[in-house]
Number of protein chains: 2
Amino acid sequence: MTEIIKKNNPVKQTRTMILDVSAKLFSQYGYNGTVIRDIAQALNMKAGSLYYHFDSKEQLVLEVLTIGIENIIDTVQREVAALPKNCSSKEIVQAATKGHLLALLEKGDYTSTSIRNLGQLPEPVQAEVLVIRDRYEDMWRKWLLDAQTNGEIKANVNLKVLRLSILGVLNRTLAWYKKGELTIEEIAGMQIGYFWDGVSA
Amino acid sequence: MTEIIKKNNPVKQTRTMILDVSAKLFSQYGYNGTVIRDIAQALNMKAGSLYYHFDSKEQLVLEVLTIGIENIIDTVQREVAALPKNCSSKEIVQAATKGHLLALLEKGDYTSTSIRNLGQLPEPVQAEVLVIRDRYEDMWRKWLLDAQTNGEIKANVNLKVLRLSILGVLNRTLAWYKKGELTIEEIAGMQIGYFWDGVSA
DNA sequence: GCGCTTTACAAACAAACGTTTGGTTGATAG
DNA sequence: CTATCAACCAAACGTTTGTTTGTAAAGCGC
């Protein structure tokens, strides 16, 4: 009979703090540019102490990236699910865009590493991240195909190029977004607007 | 009186080869993920030998990045200069896009590091790269402003978001482009087409 | 062939790296 | 009070890192 842990669990709190700091440093300095000693120092800890919570640096970064991507998937699905039924493809894409940017820009530390530097990570980490990322891209493939099938997107548009362009724009937002200038909703509206209706007069 | 060097200069050849290999490895594994010994080994040389051609790893990566960005600037300017006079803004932007992709996708090793991992580089390198990059972005600022001023782009379009979105799409192309599937001209046409005229039916 | 420069190597250096080990602390349960 | 256990530290480990040093070929003008 497994006992229920009643008191607040300090292990989990420390783990979360380690993940937060690691995500921040990984996203800023990259995997190889971030050293265990820096992560520890930011937490007023010593390098060796982290090995009580994580087996290795590799496992640490994998956990950070997994949290990041799954957070995007969850946020996007929530935004799309909140739409009324029988809404247009444009509305779905717009909601997905908003969700993507919400997760990306507010939990950016967790996601930017996998977006910018997947190739620099240890190969086992790359493989696991790619599995989740593929699952996410499938969602976009479906929405865009639906849009073209029901006539909302011109028949001659290359959906692969379009999908990669949209995700490229969204992910690149991480490089220039500053809080307080434009809201995430405004950016999402502009970016999809440019793609959907074009910018020409 | 400086003598003219007539014979082919083996120094320059080796230097160029070092730069090529470095660009490739830096773009693949990042600055901190690339070790001097790997660069040397790819050239059948020993680590210490590189220091005859370059003072430090930092100077080496700086030279790689400078070549990359200036190659983009040169290619873009050449494409735009080749246009007939009094052509439309869309044609200018399209030519610039083609030039950007040409340089990016065919000399991608030299550019991708500065695009993806600027923040992971030593600070002095970051500063110098940013100066050149700003000079390049100014060119786009001007073209897009002209397009809006002469009425080709809707007045309510946010030019900053548009510029960053376009460059985001172009730079992201590096992550998925495969030779032989689509030509660079086709990709450039699609990407600017989506922005200019939109994808909606 | 001789001197000079160019180019590369072998070997070593100190520093930094991820990780391991054994021990110390402080809270909690019986 | 005592035993236990989670949480951390101090110190060291073997490697790997960027870089330096002294030296040896190889090419070229004379």
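Labels below follow one simple rule: chain letters A, B, ... track the order of the sequence lines, proteins then strands, and each chain is numbered from 1. Atom set for the values below is all heavy atoms of this structure, side chains included, hydrogens, waters and symmetry mates excluded.
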**Prompt:** Heavy atoms under 4.0 Å, any strand shown: does Asn32(B) hit a base, just sugar-phosphate, or nothing?
**Reply:** nothing

**Item:** Lys46(A) side chain, from C-beta outward: closest of dC9(D), dA6(D), dA12(C)
**Value:** dC9(D)

**Request:** Answer yes if the side chains of Glu91(B) and Ser88(B) hold a donor-acceptor pair under 3.5 Å, and no otherwise.
**Result:** yes

**Asked** Under 3.5 Å, is there a donor-acceptor pair between the Tyr31(B) and Asn32(A) side chains?
**Response** no

**Prompt:** Phosphate oxygens OP1/OP2 of dG18(C): is one of them under 4.0 Å from a side-chain N or O of Lys57(A)?
**Reply:** yes

**Request:** Can you sort out the partners of Arg141(B) under side chain to side chain contact (heavy atoms under 4.5 Å, CB included), two or more places apart, ordered by chain and number?
**Result:** Asp134(B), Glu137(B), Asp138(B), Arg163(B)

**Message:** Considering every strand and a 4.0 Å limit on heavy-atom distances, what is the contact class for Asn44(A): base, sugar-phosphate, or nothing?
**Reply:** sugar-phosphate

**Prompt:** Side chain of Val35(A): nearest nucleotide among dA8(C), dC17(C), dC8(D)?
**Reply:** dC17(C)

**Request:** Would you kindly give the CG-to-P distance between Leu50(A) and dC8(D), to the nearest whole Å?
**Result:** 9 Å

**Prompt:** CZ of Arg37(A) versus C1' of dC8(D): gap in Å, rounded?
**Reply:** 16 Å

**Message:** Taking 4.0 Å as the cut-off, does a side-chain nitrogen or oxygen of His53(B) come that near to OP1 or OP2 on dT6(C)?
**Reply:** no

**Prompt:** Is the closest side-chain donor-acceptor distance between Asn150(B) and Ser89(B) under 3.5 Å?
**Reply:** yes

**Message:** Looking at dA6(D), I'd like to know if its phosphate oxygens (OP1 or OP2) sit under 4.0 Å from a side-chain N or O belonging to Thr14(A).
**Reply:** no

**Message:** Suppose the criterion is salt bridge (charged side-chain N to carboxylate O under 4.0 Å, His left out): which pairs have a residue in residues 189-201 of chain A, not counting sequence neighbours?
**Reply:** Lys90(A)-Asp197(A)

**Asked** Using a cut-off of 4.0 Å between protein heavy atoms and nucleotide atoms, how would you tag nucleotides 20-26 of chain C 5' to 3' with B, S and -?
**Response** B------

**Prompt:** For Ile36(A) and dT16(D), what is the distance between atoms CD1 and C1' respectively, to the nearest whole Å?
**Reply:** 16 Å

**Message:** In this structure, how many angstroms lie between the P atom of dA6(D) and the CD atom of Gln13(A), rounded?
**Reply:** 17 Å

**Message:** Can you measure Leu60(B) atom CG to dT19(D) atom C1' for me and round it to whole angstrom units?
**Reply:** 14 Å

**Message:** In whole Å, I'd like the distance from the CE atom of Met45(A) to the P atom of dC9(D).
**Reply:** 5 Å

**Request:** Would you mind telling me which of Thr173(B), Asn171(B), Thr75(B) makes a side chain to side chain donor-acceptor pair (under 3.5 Å) with His100(B)?
**Result:** Asn171(B)

**Request:** For Tyr52(B) and dA8(C), give me the distance from atom OH to atom P, rounded to whole Å.
**Result:** 8 Å

**Prompt:** Can you tell me how far P of dT17(D) sits from CD of Gln41(B), to the nearest Å?
**Reply:** 11 Å

**Side-chain donor/acceptor of Asn158(A) to backbone N/O of Val161(A), under 3.5 Å** = yes

